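Remarks on the structure that follows.
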2 protein chains.
Amino acid sequence: MSTEKSGKAVVDSQEDPRGRILSAAGREFAEKGFENTTIRDICTLASVNVAAVNYYFGEKHRLYIESVRHAHEERSRQFPLPVWADGTLPAEKLRGFVGNMLERMLGFDKPSWQVRLMLREVLHPTDACRELVEDYIRPHFTVLCNILDELTDGKATPAELRRIGLSICGQCFLYHSAGDVVGMLIPPNEIKEMHNPVELANHITAYCLAALGKRVPLSVEVS
Amino acid sequence: MSTEKSGKAVVDSQEDPRGRILSAAGREFAEKGFENTTIRDICTLASVNVAAVNYYFGEKHRLYIESVRHAHEERSRQFPLPVWADGTLPAEKLRGFVGNMLERMLGFDKPSWQVRLMLREVLHPTDACRELVEDYIRPHFTVLCNILDELTDGKATPAELRRIGLSICGQCFLYHSAGDVVGMLIPPNEIKEMHNPVELANHITAYCLAALGKRVPLSVEVS
DNA sequence: CACCGTTTCAAACGCTTGTTTGAATTTAAG
DNA sequence: CTTAAATTCAAACAAGCGTTTGAAACGGTG
């Protein structure tokens, strides 16, 4: 039995109060957004007094900014940019990249709070967004564009590569951010069979390869 | 000069107070979301007393549900499902459909408050979502799937058609919901040239046609 | 121990929120 | 006009919020 008093769950203890607040805040903001998260909730989760957040961070808004930064820093540290063995085919890299992105965005169970917080920031940008884009999103997006460059044998312009890259991101994005609506539009058994990172990655990759002429067209399915 | 008292703008008068509240609420909810919109703001915009919203709708949550319904009903009435002349090629229908969707989602200037409210509901579903999906989204999505069915000469299964349909929606969706981040990732001049409904519809349509083998691959651009 | 800067805490403050109230005003029918 | 229902209004209410306060508890140093 640990040291918490009430029935409420508590964030990983054995840590600095500042770190506990940052972690608790990240989880709460990821779950409920900035406005719907109360400092009292965060402090309960972190097992600290309400005044602690003002002591360490000054104000709620600053805490939010810091927790977004904390989220993508932690994420970058734990999961560095993907690399591949020298001989890997571009198509294989693409499938790997997309599968990876979908795993992060959908999770085999549920996305990590770090990813959910970052995606919330993408949907509703605040002051924390610019840094998130430069330090986390752009590097990943650049990797994707480089794969596409290889795939098209350097025949496409950077602008075209970016456009195709966005098309790929858009598809992943939909399944994350509009997942509930997708679940209403698609029959349940189809969801169960197809709606997992692996199957979706196969589809999105195939769609892209076919569009680039690196695979037979989609309407002629290969099994 | 009209009848408003303060400097605040007012929703189209010459209407039922109930209608004025519904319209004002829709605009405010679309702009700021449920939690960040205050009943007082709505009532100021509608030129009614704060008590009126409770008199007509009981509670804020009910007003929200009603205003989402109001939004998609109005939208369906003003812009019925698209239809095409008999001989129209499927590829032409697809371009028309995608262009139409992008115009609604991005707007030549800015999307209407009705669309913004609906897309907010897609991102963060509430009780109003199910009806929105069944009455508005599903009919449109079905039209898209039918076009794709024509395009593939009936060779694709319904599940495949839906998957491709979602891929198309996902791309449009990204430009709407993550527009700010896209704007940070892409060079400004590229945004200016390409980031409008017409150009994006061309790209998304071409991407799809190429993937289905109904057009030369994307990496071999046709000008 | 005595001292002092740092950290924690319960309590309260001031403000905004959704909602209610009870009286005033308008509307429509007899 | 009279009357009663429907509608509008200014004011208040209770609850929740972020933030502040001032004292208590802690921790290292001499």
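The chains referred to below are lettered A, B, ... by the order of the sequence lines, with proteins before strands, and numbering in each begins at 1. Here the structure is a predicted model, which means the values were calculated and not measured.
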Could you list, one pair per line, each protein nitrogen or oxygen that sits under 3.5 Å from a nitrogen or oxygen of nucleotides 21-24 of chain D, together with the distance?
none

- Query: According to the salt bridge (charged side-chain N to carboxylate O under 4.0 Å, His left out) rule, which pairs have a member within residues 181-207 of chain B, sequence neighbours left out?
  - Reply: A:Arg162-B:Glu190
- Item | Atom-pair distance (CG on A:Asp16; P on C:dT7), nearest Å | 9 Å
Taking only nitrogen or oxygen atoms into account, show me every contact under 3.5 Å that the protein makes with nucleotides 12-17 of chain C, one pair per line with its distance.
residue	atom	partner	partner atom	Å
C:dA12	N6	A:Arg40	NH2	3.4

- Message: Can you measure A:Phe34 atom CZ to D:dC17 atom C1' for me and round it to whole angstrom units?
- Response: 12 Å
- Task: Please answer whether the main-chain N or O of B:Glu31 pairs with a side-chain N or O of B:Arg120 as donor and acceptor at a distance below 3.5 Å.
- Result: yes
- Query: For B:Arg138, does the CZ atom sit with more than 12 other heavy atoms under 6.0 Å from it, leaving out its own atoms?
  - Reply: yes
- Between B:His61 and B:Thr126: side-chain donor-acceptor atoms closer than 3.5 Å: no
- Task: Give the rounded distance in Å between these two atoms: NZ of A:Lys32 and P of D:dG16.
- Result: 14 Å
- Report the residues that fulfil salt bridge (charged side-chain N to carboxylate O under 4.0 Å, His left out) with B:Glu66, sequence neighbours left out, ordered by chain and then residue number. B:Arg69
- Under 4.0 angstrom, heavy atoms only, what part of the nucleic acid is A:Tyr56 near: base, sugar-phosphate, or nothing? sugar-phosphate
- Interatomic distance, B:Asn54 CG vs D:dC13 P [rounded to whole Å]: 17 Å
- Task: Provide, to the nearest angstrom, the distance between the OH atom belonging to B:Tyr55 and the P atom belonging to C:dT27.
- Result: 13 Å
- Item | All salt bridge (charged side-chain N to carboxylate O under 4.0 Å, His left out) counterparts of A:Glu150, not counting sequence neighbours | A:Lys93
- Under 3.5 Å, side chain of B:Ser67 to main-chain N/O of B:Tyr64, donor-acceptor pair present? yes
- Message: Applying side-chain hydrogen bond (donor to acceptor under 3.5 Å, both in side chains), can you list everything that pairs with A:Asp149, at least two apart in sequence or on another chain?
- Response: none
